[in-house]
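A short worksheet on the structure shown next.
Because the structure is a prediction, the values reported are computed rather than measured. Order of the sequence lines sets the chain letters (A, B, ...), proteins ahead of strands, with each chain counted from 1.
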Amino acid sequence: MSVSSSYKLQTTVRALRSRYGEISWWPGDCDEVMIGAILTQQARWEQVTRALAVLRSRGLCSIAALSSAHIRDIEDAVRCTGFFRIKAKRLQSLAAHVVNTYGSVAAMEHVPTAVLRADLLSVNGIGEETADSILCYGFSRTSFVIDAYTEKILRCTGIHEPRWSLKALLESALPCDNQEYRKTHAYIVEYAKEFCIKKRCDTCILVNLSG
DNA sequence: GACCAGGTCCTTG
DNA sequence: CAAGGACATGGT
């Protein structure tokens, strides 16, 4: 990664921080974060909230419950998030993996971040973003979440690093602190929502932040 | 009706 | 290894 990318990133993060300040994001216990991380794949957060409420009301909003639930019941509960059959399958894969490998979510707390990350990635349906969301927002680790918005917005500020290197770039730019990681990723998504970033965004609107 | 949402996996060229 | 398609509901 280049020195100029680092510098641009520092400027961008400062601008976002001064715009949004303290924001809290993705509350809920670790089980809920893990479930939400899968449900939010290619879905709006409002729908995820609805699905989580349905799961809670049916006693299915925990890894333990999901691991022993009928797949049809899970499908029915998460229908509103789209891709409901594949997401139900992914939820059960994750739940089964946690129960079989660790016994419980609590038992995962002492696993080193790098090990836990690799382990999560081995579960079918959990990719980089989902794994990092779980690590950062569920287990309070310093693992930065890179999503489509991050790549898009940083490109708008002149940072043309490939997606795979953005994670390292962000992690070297930020203080090694979970709260900083949470907030910065949240800033990016809030900014994206606020300015309705579309797939074909090619104009740099972020410059307005520093001006 | 068209387009898209805080991705991931599998198949092709 | 990059590109393209599949997965699916609900909001604008």
Side-chain angles (χ1 to χ4, degrees), chain A residues 12-13 16 19-20 23-28 30 32-55 66 71-97 117-141 143-156 160-167 170-171 174 178 180-202 205-206:
Chain A
T12 303
V13 170
L16 288 168
R19 181 181 189 84
Y20 296 107
I23 56 179
S24 85
W25 219 52
W26 210 329
C30 197
E32 249 189 61
V33 171
M34 288 196 276
I35 295 165
I38 286 174
L39 295 182
T40 197
Q41 294 171 353
Q42 204 66 22
R44 293 169 207 278
W45 185 251
E46 296 73 45
Q47 307 298 353
V48 175
T49 304
R50 286 176 54 195
L52 286 172
V54 174
L55 285 168
L66 288 174
I71 190 74
R72 291 314 179 98
D73 291 335
I74 304 176
E75 288 178 356
D76 191 55
V78 305
R79 185 174 301 268
C80 67
T81 66
F83 300 147
F84 64 94
R85 275 183 277 266
I86 199 164
K87 284 179 181 176
K89 200 177 304 175
R90 288 173 180 181
L91 286 173
Q92 249 189 352
S93 296
L94 174 61
H97 182 80
R117 186 169 195 274
D119 185 54
L120 287 169
L121 288 173
S122 76
V123 178
N124 187 281
I126 296 189
E128 308 251 330
E129 181 180 340
T130 306
D132 288 329
S133 294
I134 291 172
L135 289 168
C136 183
Y137 293 99
F139 290 96
S140 298
R141 306 300 177 92
S143 198
F144 197 86
V145 182
I146 302 294
D147 58 9
Y149 286 156
T150 311
E151 190 180 15
K152 215 165 299 174
I153 286 174
L154 294 186
R155 206 190 343 260
C156 287
H160 296 278
E161 302 285 338
R163 188 164 178 174
W164 59 264
S165 77
L166 288 178
K167 180 175 167 66
L170 263 296
E171 293 184 352
L174 294 173
N178 175 255
E180 291 298 317
Y181 279 46
R182 288 178 181 250
K183 284 190 293 184
T184 304
H185 175 65
Y187 293 156
I188 289 169
V189 178
E190 289 302 320
Y191 185 82
K193 285 184 186 167
E194 186 174 349
F195 290 93
C196 293
I197 302 269
K198 297 290 201 299
K199 279 193 171 166
R200 304 270 158 79
C201 164
D202 55 7
I205 53 180
L206 200 65

Is A:Ile126 close to A:Arg90 at the side-chain level, that is, under 4.5 Å between some pair of heavy atoms?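 No, their side chains stay 4.5 Å or more apart.
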_Do A:Val189 and A:Trp25 have side chains that approach each other closer than 4.5 Å (heavy atoms only, starting at C-beta)?_
yes
Protein-nucleotide distance ([X], atom [atom1]; [N], atom [atom2]), rounded to Å:
{"X": "A:Glu75", "N": "C:dC7", "atom1": "CD", "atom2": "C1'", "answer": "12 Å"}
{"X": "A:Glu194", "N": "B:dG6", "atom1": "CD", "atom2": "P", "answer": "15 Å"}
{"X": "A:Lys193", "N": "B:dG6", "atom1": "NZ", "atom2": "C1'", "answer": "7 Å"}
{"X": "A:Ile86", "N": "C:dC7", "atom1": "CD1", "atom2": "P", "answer": "9 Å"}
{"X": "A:Ile134", "N": "B:dG6", "atom1": "CD1", "atom2": "P", "answer": "17 Å"}
{"X": "A:Gln47", "N": "B:dG7", "atom1": "CD", "atom2": "C1'", "answer": "17 Å"}
{"X": "A:Gln42", "N": "C:dG5", "atom1": "CD", "atom2": "C1'", "answer": "13 Å"}
{"X": "A:Lys87", "N": "B:dA5", "atom1": "NZ", "atom2": "C1'", "answer": "9 Å"}

Does a nitrogen or oxygen in the side chain of [X] sit under 4.0 Å from OP1 or OP2 of [N]?
{"X": "A:Thr150", "N": "B:dG6", "answer": "no"}
{"X": "A:Arg50", "N": "C:dG11", "answer": "yes"}
{"X": "A:Arg85", "N": "C:dA8", "answer": "yes"}

Categorize [X] for me: base, sugar-phosphate, or nothing, with a 4.0 angstrom heavy-atom threshold over every strand shown.
{"X": "A:Arg79", "result": "sugar-phosphate"}
{"X": "A:Ala148", "result": "sugar-phosphate"}
{"X": "A:Glu128", "result": "sugar-phosphate"}
{"X": "A:Ile126", "result": "sugar-phosphate"}

Notebook entry, point to check: Counting distance only, does the side-chain N/O of A:Thr40 pair as donor-acceptor with the main-chain N or O of A:Gly36 below 3.5 Å?
Noted result: no
### Query
Which residues pass the salt bridge (charged side-chain N to carboxylate O under 4.0 Å, His left out) test with A:Arg50, sequence neighbours left out?
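Salt bridge (charged side-chain N to carboxylate O under 4.0 Å, His left out) list for A:Arg50, sorted by chain: empty.
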What's the closest nucleotide to the [X] side chain, out of [options]?
{"X": "A:Phe84", "options": "B:dT8, C:dA8, C:dG11", "result": "C:dA8"}
{"X": "A:Cys80", "options": "B:dG7, B:dG6, C:dG10", "result": "C:dG10"}
{"X": "A:Arg44", "options": "B:dC4, C:dA8, B:dT8", "result": "B:dC4"}

Q: Using the side chain to side chain contact (heavy atoms under 4.5 Å, CB included) rule, take A:Gln42 and A:Phe83 through it: C-alpha gap first, then chi angles, then the decisive distance, then the call.
A: CA-CA 9 Å; A:Gln42 204 66 22; A:Phe83 300 147; 3.8 Å; yes
Problem - Euclidean distance for P, C:dG4 against B:dG6 (whole angstrom) - result: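 It comes out at 23 Å once rounded to the nearest Å.
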When you compare B:dC10 with C:dA8, how far apart are their P atoms, in angstrom units rounded to a whole number?
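Result for the P pair: 14 Å, nearest Å.
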For A:Trp25 and B:dG6, is the gap between ring centres under 5.5 Å while the planes differ by less than 30°? yes
C:dA2 -> Watson-Crick or G-U wobble partner, both distances under 3.5 Å, gives B:dT12
Applying side chain to side chain contact (heavy atoms under 4.5 Å, CB included), run through A:Met34 and A:Phe139 and close with a yes or a no.
CA-CA 10 Å; A:Met34 288 196 276; A:Phe139 290 96; 4.2 Å; yes
Residue met sooner reading DNA chain B from 5', once A:Tyr149 and A:Asn124 are mapped to nucleotides =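 So the residue in question is A:Tyr149.
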